[in-house]
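Being a predicted model, the structure only gives us computed values, none of them experimental. Numbering of ligands and ligand atoms starts at 1, following listing order. Atom set for the values below is all heavy atoms of this structure, side chains included, hydrogens, waters and symmetry mates excluded.
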Amino acid sequence: MNVLLIGSGGREHALAWAISASPLLGTLFAAPGNPGIAQYATCVVLDVADHKAVIAFCRLQTIGLVVVGPEAPLVAGLADDLKAAGIKVFGPSRLAAQLEGSKGFTKDLCKEAGIPTAAYARFRDAGEAKAHAAKQPVPVVVKADGIAAGKGVVIAESHAEAAEAIEACFSGAFGAAGAEVVIEEFMTGEEASFFALCDGKRALPLATAQDHKRVGDGDKGPNTGGMGAYSPASIVTPEISARVMREIIEPTVAAMAKRGMPYVGVLYAGLMLTPQGPKLIEYNVRFGDPECQVLMMRLKSDILTALIATCDGVLDTFDLRWWDDVALTVVMAANGYPGTPQKGTEIKGLDTAAEVEGVEIFHAGTKLVSGRILADGGRVLNVTARGKTVGQARDRAYEAVRRIDWAGGFCRSDIGWREIERERGL
Ligand code: AMP
Ligand code: GLY
């Protein structure tokens, strides 16, 4: 089967790496891909916003499955148009992608289905939103309803800060994403990511992970797309996993089916492990990045078969096997990230770094120019390692980082610290 993978990040490199190991695979195409993905795929220039062009490409290359990495094409309805053209696609429809595309939609669904999440209210008027926020205990959480590139959430420590965040949303700071505001109760606890494949009727749990969102050591500094991750997250015990499936994931799949918008694809639940149990912070309709990288390193089964089973609605007869090993990834970012990253600096030593036992290096923002790898984005590399313990995976990943010769980049030095403390019994 020929496969078209859409995206260009570390998440898509990890997916390409896993898909390329499948005995079912014919040719793998990636649009646009990156120099890492190009090791396994034919990278093509395709405007993914032009659905007719994507369909024409699929017909020309007899693509049996399209795998959509990022959320934006899903929210824009790419999966609907491919499906209507008779092309199999891994990823939810435009309506089902509202689980990520509209926080208000998800909160209403949770309320209806009794899914544990923070108490909330939705507003289209700044005055009403401010009046409501002023009555809430602080911190209070203010969110733009739509997708705001990870910048639409403010944990307001005072009512004045909440009012300012509401004002910023309605004054167009996030464009259409801010036309509605959700005000939420602040939840306390540790965060974890939970992934499940959903075929519209059933959900199959994948694995748990935790990521490090802040740019600096000690989880300090501004938020990023994620500076590192590991899987499994031992804090999500088998009992908690079962509870997440029963109380959060399965009711969501059922509620979506009932609304006539069955969810097909991977569902990524951001969880808060509160003293009252796991609660949903938000959904994403795609794999996490960099969580996908650690998931793919631990998956023993054929990913392509799993993606096809999801699209075909046969997850009830399906199971997955995982390596017992832990996987950990360290993100190397270009200097300046998460502000304005410096582009064009040269990266050397990737081959010797990849020789460290258990290590895979996934590319994110890189480009290949005259045989040289140059930085071409914020998050640039994902140095990923497997190990028997988190400590071993971490040591291997950082040994590989040391072998990378790149003056223009940096990484955190403490990825996995919480898990390592748990491993040591601290
Ligand atoms: P979101 O984009 O909704 O995942 O929010 C981004 C981050 O804000 C989350 O990863 C949490 O760290 C934090 N956050 C969001 N909502 C809440 C909440 N209700 N209580 C506490 N923290 C939250
Ligand atoms: N690592 C967080 C995300 O993919 O949204």
Side-chain angles (χ1 to χ4, degrees), residues 7 9-12 14-15 69-72 74-75 99-107 110 115-122 133 136-157 162 165 169 174 177-178 181-195 208-215 219-220 222-231 233 266-276 278-296 328-331 333 338 362 364 378-379 382 384 412 415:
R11 167 181 53 206
E12 287 77 21
L15 287 170
E71 67 281 6
L74 297 166
V75 174
L99 281 177
E100 177 161 356
S102 166
K103 295 187 192 293
F105 172 89
T106 300
K107 297 300 284 190
C110 286
I115 294 165
T117 185
Y120 76 105
R122 302 174 70 170
Q136 306 307 310
V138 288
V140 61
V141 185
V142 178
K143 299 183 174 181
D145 177 71
I147 293 177
K151 297 188 178 78
V153 175
V154 171
I155 315 272
E157 300 291 341
C169 266
F174 307 114
V181 162
V182 175
I183 296 180
E184 273 183 28
E185 160 204 16
F186 177 76
M187 300 185 285
T188 51
E190 196 168 322
E191 286 181 47
S193 308
F194 190 97
F195 298 88
T208 58
Q210 283 182 301
D211 73 343
H212 293 267
K213 290 194 168 67
R214 303 301 187 105
V215 75
D219 294 323
K220 302 239 161 58
N223 260 329
T224 70
M227 293 301 291
Y230 47 88
S231 173
V266 60
L267 192 55
Y268 159 7
L271 302 176
M272 188 70 87
L273 305 173
T274 75
Q276 299 85 42
K279 293 190 182 180
L280 181 72
I281 303 174
E282 63 154 6
Y283 273 130
N284 295 300
V285 299
R286 52 177 173 79
F287 280 106
D289 186 347
E291 290 98 324
C292 182
Q293 290 80 315
V294 286
L295 256 50
M296 290 306 114
L328 178 144
T329 187
V330 176
V331 171
F362 299 120
R379 292 187 294 167
N382 307 133
T384 313
R412 279 182 58 164
I415 298 304

Examine the proximity of ligand 1 to E185 and report which part, side chain or backbone, both or neither, has a heavy atom under 4.0 Å away. backbone
Flag the pair R412 / D219 as yes when at least one side-chain heavy-atom distance between them is below 4.5 Å, and no otherwise. yes
Quick one, P70 and E12 - any side-chain contact, counting heavy atoms below 4.5 Å? yes
Against heavy atoms of E282, which atoms of ligand 1 measure under 4.0 Å? 1 (P), 2 (O), 3 (O), 4 (O)
Considering only heavy atoms from C-beta outward, does the side chain of R214 approach that of T224 to under 4.5 Å? no
For atom 17 (C) of ligand 1, state which one of T188, I147, V141 supplies the nearest heavy atom. V141
Run the numbers on Y120 and K143 for side chain to side chain contact (heavy atoms under 4.5 Å, CB included), then give the verdict. CA-CA 10 Å; Y120 76 105; K143 299 183 174 181; over 6 Å; no
Minimum side-chain heavy-atom gap V153-E282 below 4.5 Å: no
Run the contact test for Y268 against ligand 2 with a 4.0 Å cut-off on heavy atoms, strictly below, and give the result. yes
Under 3.5 Å, is there a donor on one side chain and an acceptor on the other for Q293 and T329? no
Can you list the atoms of ligand 1 that are under 4.0 Å from a heavy atom of K103? 2 (O), 3 (O)
Atom indices of ligand 1 within 4.0 angstrom of A118 heavy atoms, with elements: 19 (N)
Side chains of N284 and E71, heavy atoms from C-beta outward: is any pair under 4.5 Å? no
Show which atoms of ligand 1 fall inside a sub-4.0 Å distance from at least one heavy-atom site of M272. 21 (C), 22 (N)
Using a 4.0 Å cutoff against the non-hydrogen atoms of E291, which atoms of ligand 2 qualify? 1 (N), 2 (C), 4 (O)
Element-labelled atoms of ligand 2 that are located less than 4.0 Å from some non-hydrogen atom of G225: 1 (N), 2 (C)
Ligand-side contact atoms (ligand 2) for residue partner G288, heavy atom cut-off under 4.0 Å: 4 (O)
Looking only at protein heavy atoms, which one is nearest to atom 5 (O) of ligand 2, and what is the separation? R286 NH2, 2.9 Å
With a heavy-atom distance limit of 4.0 Å, tell me whether E184 approaches ligand 1 through its side chain, its backbone, both, or neither. side chain
For E191, is there an ion pair with K213 - N to carboxylate O distance below 4.0 angstrom? yes
By number and element, which atoms of ligand 1 are closer than 4.0 Å to a non-hydrogen atom of I155? 13 (C), 14 (N), 22 (N), 23 (C)
Could you please spell out the steps behind the salt bridge (charged side-chain N to carboxylate O under 4.0 Å, His left out) verdict for K107 and E184? CA-CA 10 Å; K107 297 300 284 190; E184 273 183 28; 3.6 Å; yes
Just wondering, do M272 and F186 contact through their side chains at under 4.5 Å, heavy atoms? no
N/O to N/O below 3.5 Å, does that happen between N284 and ligand 2? no
Under 4.0 Å to a heavy atom of K143 - the qualifying atoms of ligand 1, by number: 3 (O), 15 (C), 16 (N)
Number the atoms of ligand 1 from 1 as they appear, then name those within less than 4.0 Å of a heavy atom of M187, with their elements. 18 (C), 19 (N), 20 (N), 21 (C)
The atoms of ligand 1 lying under 4.0 Å from a heavy atom of E191, numbered in the order shown, are 9 (C), 10 (O), 11 (C), 12 (O)
Given side chains that start at C-beta, do those of P338 and M227 come closer than 4.5 Å, heavy atoms only? no
